[in-house]
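To start, the structure itself, in structure tokens.
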Amino acid sequence: QLQLVESGGGLVQPGGSLRLSCAASGFTLDAFAIGWFRRAPGKEREAISCISSSGGVTHYEDSAKGRFTISRDNAKNTVYLQMNSLNPEDTATYYCAAMAGTTVQAMCSLRGPRGMDYWGKGTLVTVSS
């Protein structure tokens, strides 16, 4: 089955850190740009960060700049999102997506699965004391 699977979510205190993983099953990620998106309760889905297929180009939305780092290990067929200095406003379900033939800026300008080649089921991050 061809799918993306997110993991690493959970409950963390404000100021804490989490590392999310996005693993591909049934296909290899190295031909795809990968993006992380999130949807907070009662809010619209938004892009967080995107990375090119080689990992050489990254894009961060303002909400992620200086706190989150996107990276990928194509040998492990996995993309990561390191999240530091988390605050309650980061509470959301985080999704990863794969898209071929795009730039990171174009991919991160999208908000949802429409146009993506693959879209995961999400992992919940809760930031609370």
How many angstroms lie between atom [atom1] of [X] and atom [atom2] of [Y], to the nearest 0.5 angstrom?
X      : Y      : atom1 : atom2 : answer
Gln13  : Thr126 : CD    : OG1   : 13.0 Å
Leu124 : Thr91  : CG    : OG1   : 8.0 Å
Thr93  : Phe37  : OG1   : CZ    : 14.5 Å
Ser25  : Gln3   : OG    : CD    : 5.0 Å

Would you check if the side chain of [X] reaches a backbone N or O of [Y] as a donor-acceptor pair within less than 3.5 Å?
X      : Y      : value
Glu6   : Lys121 : yes
Arg72  : Ser52  : yes
Asp117 : Ala100 : yes

Measuring only between side-chain heavy atoms, which start at C-beta, is [X] closer than 4.5 Å to [Y]?
X      : Y      : answer
Val79  : Ile51  : yes
Met83  : Ser49  : no
Leu18  : Gln82  : no
Met116 : Leu110 : yes
Leu29  : Thr78  : no
Pro14  : Val127 : yes

Is there a path from [X] to [Y] through hydrophobic residues (I, L, V, M, F, W, Y) whose side chains come within less than 4.5 Å of each other?
X     : Y     : value
Leu4  : Met99 : no
Ile34 : Leu81 : yes
Val12 : Ile48 : yes

Checklist entry - If you look only at pairs with a residue in residues 10-32, which of them pass as a ring-ring contact (aromatic ring centres under 6.0 Å, His included), with sequence neighbours excluded? => result Phe27-Phe32, Phe27-Tyr118, Phe32-Tyr118
Next on the checklist: For residues 69-96, which residue pairs pass the ring-ring contact (aromatic ring centres under 6.0 Å, His included) check, not counting sequence neighbours?
Outcome noted: Tyr95-Trp119
If you take all heavy atoms of [X] and [Y], which pair is closest and at what distance?
X      : Y      : value
Ser53  : Ala31  : CB-C, 4.0 Å
Thr102 : Met107 : OG1-N, 3.6 Å
Pro113 : Arg45  : CD-NH1, 3.7 Å

Checklist entry - Asn77 and Thr28: side-chain donor and acceptor closer than 3.5 Å? => result no
Item to check | disulfide (SG to SG under 2.5 Å) contacts touching residues 18-87 (sequence neighbours left out) | outcome: Cys22-Cys96, Cys50-Cys108
Donor-acceptor list for residues 59-66 side chains, cut-off 3.5 Å, not counting sequence neighbours:
| from | atom 1 | to | atom 2 | distance (Å) |
| --- | --- | --- | --- | --- |
| His59 | NE2 | Glu61 | OE2 | 2.9 |
| Tyr60 | OH | Ile70 | N | 2.8 |
| Asp62 | OD1 | Lys65 | NZ | 3.3 |

Item to check | Glu44: side-chain hydrogen bond (donor to acceptor under 3.5 Å, both in side chains) partners, not counting sequence neighbours | outcome: Arg111
Next on the checklist: Suppose the criterion is salt bridge (Lys or Arg N to Asp or Glu O under 4.0 Å): which pairs have a residue in residues 9-25, not counting sequence neighbours?
Outcome noted: none
Checklist entry - With a 4.0 Å cut-off, would you call Arg38 and Asp90 a salt bridge? => result yes
